[in-house]
Amino acid sequence: MSLPTMPPELDAWQAFGTRVDDLLSSTLGGSDAALDRCLEHSAREGLPAISVSLQQGRFLGLLASAIGAKRILEIGTLGGYSTIFLARALPSGPLARVVSLELHPHHARVARENLEFAKLGDRVEVVVGPAIDSFGALATGHDPAAPFDFVFIDADKENITRYFDLAVPLTRPGAIVIVDNIVRDGGVVDADSTDPRVQGVRRFLEQMKSETRVQAAGVQTLGSKGYDGFAIARVLNPKG
Ligand code: SAH
Ligand code: DHB
Ligand code: MG
């Protein structure tokens, strides 16, 4: 199916999704000084407003804590908004860590400032550089006795399949891998899309057809971030 433009109704749905997100945040749980400061400081420093929403962040943290994740890998730090939820989900103890990979030194610096303000600076390692290169160092130093329990893939969409293939071998059976932005206003259904981000997501979904290392589900979301979605994969066998 070709979807040359987003249906016009989507604007109205996003506005409504924002109202519902506001209700959810005033009932199920809202923001705090560190999260607010993270978004404000990131905007002031010129970072794009593409962090996960508050409720999406809460969902990521809830899932990470539900599986007792001690070692978390994030690809795409931006200003560290999602990172805060992930780091807060860690249990106490010296070995609990988030490793977050970020291309841009400026984003990484802003993220470190935001994480310091949130008193999470000692729980998160922001690694600067192209994620593919950072994976090389991670794999070399990888301790099979300390696999990742939770992975959040949220960087350049062109490379999702590569990040997925590099991350899964570093996890344990039962680990969760989340891929963000798999719907993109529904643009993902357009096989002829000239948007390389859409094509990146489509390659990832195609690859999942024959993927035996994980079981996965797609969840579409509507809220303050518009119409989008996550893929949620549970690792069965990291080595295939
Ligand atoms: N996870 C963040 C949002 C990440 S936005 C949150 O929800 O708060 C995507 C980030 O990926 C940007 O900061 C961008 O600079 C980074 N990125 C883009 N290409 C990358 C690459 N090749 N390697 C590592 N990071 C990359
Ligand atoms: C974009 C990237 C994201 O990670 C996101 O959540 C929303 C938008 C983007 O590159 O446009
Ligand atoms: Mg994203």
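Since we're looking at a predicted model, the values are computed, not measured. Just so you know, ligand 1 is whichever comes first in the structure, and atom 1 is the first atom listed for that ligand. Numbers here simply count residues along the sequence, with the first being 1.
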**OP:** Mind telling me whether F230 and F152 have parallel, tilted or perpendicular rings, with 30° and 60° as the class edges?
**Re:** perpendicular

Original post:
Any N/O of G80 closer than 3.5 Å to an N/O of ligand 1?
Top reply: no

**OP:** Provide the number and element of each atom of ligand 1 under 4.0 Å from a heavy atom of T77.
**Re:** 2 (C)

Subject >> Protein heavy-atom partner closest to atom 15 (O) of ligand 1 - residue, atom, separation in Å >> reply: E102 OE2, 2.6 Å

Original post:
Using heavy atoms and a threshold below 4.0 Å, how should the contact between Q56 and ligand 2 be classified: side chain, backbone, both, or neither?
Top reply: neither

Original post:
Can you name the N/O/S atom of D154 that is nearest the Mg ion (ligand 3)?
Top reply: OD1

**OP:** May I ask which of I84, L47, D154 has a heavy atom nearer to atom 1 (N) of ligand 1 than the others do?
**Re:** D154

**OP:** Please identify which atoms of ligand 1 are closer than 4.0 Å to at least one heavy atom of E74.
**Re:** 1 (N)

Subject >> I50 neighbourhood, listing ligand 1 atoms whose heavy-atom distance to it stays under 4.0 Å >> reply: 5 (S)

**OP:** State whether the shortest distance between N or O atoms of N159 and N or O atoms of ligand 1 falls below 3.5 angstrom.
**Re:** no

Original post:
If we only count N/O pairs under 3.5 Å, is F152 in contact with ligand 1?
Top reply: no

Original post:
Where on F135 is there a heavy atom closer than 4.0 Å to ligand 1, on the side chain, on the backbone, on both, or on neither?
Top reply: neither

Original post:
Which of the atoms of ligand 2 are close to K157, meaning less than 4.0 Å from one of its heavy atoms?
Top reply: 2 (C), 3 (C), 4 (O)

Subject >> Donor-acceptor under 3.5 Å (D228 side chain, T221 main chain) >> reply: no

Subject >> Atoms of ligand 2 close to R184 [distance to a heavy atom under 4.0 angstrom, numbered from 1] >> reply: 1 (C), 8 (C), 9 (C), 11 (O)

Original post:
Okay, side chain of E102, backbone of T77: is any donor-acceptor separation there less than 3.5 Å?
Top reply: yes

Original post:
Are any N, O or S atoms from S51 nearer to the Mg ion (ligand 3) than 2.8 Å?
Top reply: no

Original post:
With a 4.0 Å cut-off on heavy atoms, is K225 touching ligand 2?
Top reply: no

Subject >> ligand 1 versus D180: contacting region, heavy-atom distance under 4.0 Å >> reply: neither

Original post:
From the Mg ion (ligand 3) out to just under 2.8 Å, does an N/O/S atom of D180 turn up?
Top reply: yes

**OP:** Going by heavy-atom distance to atom 5 (C) of ligand 2, choose the closest among D180, D156, V52, N181.
**Re:** N181

Subject >> For Y163, the ligand 1 atoms whose distance to one of its heavy atoms is below 4.0 Å >> reply: 21 (C), 22 (N), 23 (N)

**OP:** Give the numbers and elements of all ligand 2 atoms closer than 4.0 Å to a heavy atom of R197.
**Re:** 9 (C), 10 (O), 11 (O)

**OP:** Provide the number and element of each atom of ligand 1 under 4.0 Å from a heavy atom of G129.
**Re:** 23 (N), 24 (C)

**OP:** Using a strict 4.0 Å threshold on nitrogen-to-oxygen distance, state whether R71 and D143 make a salt bridge.
**Re:** no

